Amino acid sequence: VIGQTRHDEL
Amino acid sequence: MNIFRLTGDLSHLAAIIILLLKIWKSRSCAGISGKSQVLFALVFTTRYLDLLTSFISLYNTTMKVIYIGCSYATVYLIYMKLKATYDGNHDTFRVEFLIVPVGGLAFLVNHDFSPLEILWTFSIYLESVAILPQLFMISKTGEAETITTHYLFFLGLYRALYLINWIWRFYFEGFFDMIAIVAGVVQTILYCDFFYLYVTKVLKGKKLSLPA
């Protein structure tokens, strides 16, 4: 998990 | 980041810019489905709310801002500034038949039952069907301007490249997101008959016209 979001893709 | 994902993002950016420039320069949105553009604006809005909560990279943030800005500018041109050129009689796809099932599915099948995650899931599902009003409109008018076919080609290509990106990430990073992959496969399949027409007609210099 990155910051608050789990999504690193656009 | 890998070359497939980067090329995919650039293909997506190219599609968005091609459409915006086409409408802006020709001062006309004839043949463009405003409904699909509203759906794409909704896709970006619901997917990129994490702009407010987390920072991933300058690239990530910049691209999200550009996507959201261009999609709203396109919707503004279609429904406000160049409204007179909007072909509403052929843009008749019932988008509620997309939004309601997609909204329901996002509640049923998701990774985490939190607001941001539900909205992200809704956005992923919606994106896979958001082009249907545009494809429907082309089937109704029986033709599409060549520049519009280039827009659709890059738009379809971007998610096809993302499919390769996900194979790459599974193999090298052990990463995979089943929701994004399934929706991405559906989305790319919806473009197949267009891709066939694009390659057999447009790339041979002919106009894209469907048997009416």
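Throughout, protein chains are lettered first and strands after them, A, B, ... in sequence-line order, and every chain is numbered starting at 1. Just so it is clear, the model here is predicted, and its values are computed rather than measured.
- Of all the listed residues (B/H12, B/M63, B/E117, B/M1), the one sharing the greatest number of non-hydrogen pairs under 4.5 Å with chain A is B/E117.
- Looking at B/D50, only its side chain comes within 4.5 Å of chain A, counting heavy atoms on both sides.
- Interface residue B/Y48: only side-chain heavy atoms are found under 4.5 Å from chain A.
- A/E9 CD to B/W166 CH2: the interatomic distance, rounded to the nearest 0.5 Å, is 6.0 Å.
- When each of B/W120, B/Y67, B/Y162, B/F44 is checked for heavy-atom pairs under 4.5 Å with chain A, B/W120 comes out on top.
- Side-chain atoms of B/R5 and A/D8, non-hydrogen and from C-beta on, do get closer than 4.5 Å to each other.
- Counted within 6.0 Å of OH on B/Y196, heavy atoms from surrounding residues, nucleotides or ligands total 12 or fewer; the atom is thus considered open.
- Atom-to-atom distance recorded for A/L10:CG and B/Y59:OH is 5.5 Å, nearest 0.5 angstrom.
- Residue-environment remark: CZ (B/F175) exceeds the threshold of 12 foreign heavy atoms within 6.0 Å.
- Taking the six-membered ring where tryptophan is involved, the planes of B/H111 and A/H7 are tilted, since the angle between them lies from 30° to 60°.
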